[in-house]
Amino acid sequence: DAMVIQNPRYQVTQFGKPVTLSCSQTLNHNVMYWYQQKSSQAPKLLFHYYDKDFNNEADTPDNFQSRRPNTSFCFLDIRSPGLGDAAMYLCATSREPDVLEQFFGPGTRLTVL
Amino acid sequence: QKEVEQDPGPLSVPEGAIVSLNCTYSNSAFQYFMWYRQYSRKGPELLMYTYSSGNKEDGRFTAQVDKSSKYISLFIRDSQPSDSATYLCAVRYGYSTLTFGKGTMLLVSP
């Protein structure tokens, strides 16, 4: 089945220790998104890629970076995680930017000790 | 003022009840209105979308938009325990990215 896969599902890291979250998709969609969702909060868009074009949200901290080496994969790098970065990180895709439906992965829950 | 406001609940109802979930939004430029459903430990999935005022039905689900009052509703008829999830409203305009509400947790008891 075509889908959005996120690895790992659970990630524990230490304060200040860089961490990378992974997303892959078999949908061949052009757009990939990274959202941060804290408990009982709305998913907050961090950035998205339209093909190779990177689009950063204005209020995304510099601590968060992303890479998209090819159509299928997208990575979220947190350079120096703080306690406030503990959250669920959701990857999503859409076929084109004007398509309403986004397909979400199951998320990676990040714990920062 | 946040762009999309949604009561987080939880909303507890017995099986078979009619459920009403609501959002308000502040930007009259929003053109597209969506409801996503998120089960525990899963990503959201699109349930319904609409772009005009009025009602749109899909089985037991009805999405309603009132652009004059900037109010979005999702009604669930004959609610089932399998409907227990968090329901997130989302809005966008043009090619903008999605703006989500916080989500309302729904619990349907057998």
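Since this is a predicted model, take the numbers as computed values, not measurements. Reminder, nothing fancy here: chain letters follow the sequence lines and each chain counts from 1. Side chains are part of it too, since the values below use all heavy atoms of this structure and drop only hydrogens, waters and symmetry mates.
Residue A:Q102 touches chain B through both its backbone and its side chain, counting heavy-atom pairs closer than 4.5 Å. Heavy atoms of A:L100 lying under 4.5 Å from chain B belong to its backbone as well as its side chain. For chain B, the nearby part of A:P97 is the backbone; its heavy atoms alone come within less than 4.5 Å. For A:V31, no part lies near chain B; criterion is any non-hydrogen pair under 4.5 Å. For A:Y10, the part sitting under 4.5 Å from any heavy atom of chain B is the side chain, from C-beta outward, and nothing else. If you measure heavy-atom distances from A:F103 to chain B, you find no contacts under 4.5 Å at all. Using a 4.5 Å cut-off between heavy atoms, B:P8 does not touch chain A at all.
Ionic pairing of B:K70 and B:E5 is not present here: no N-O contact between side-chain nitrogen and carboxylate oxygen is shorter than 4.0 angstrom.
Cys pair A:C23 and A:C91 passes the test of SG atoms under 2.5 Å apart.
Among residues 105-113 of chain A, the residues having any heavy atom closer than 4.5 Å to a heavy atom of chain B are, in sequence order, A:G105, A:P106.
Placement of B:V4 and B:L11 within a single hydrophobic cluster is found when ILVMFWY residues are connected by side-chain heavy-atom separations under 4.5 Å, directly or transitively.
Relative to the ring axis of B:Y49, B:K56 places its NZ or CZ within 45° and under 6.0 Å from the centre.
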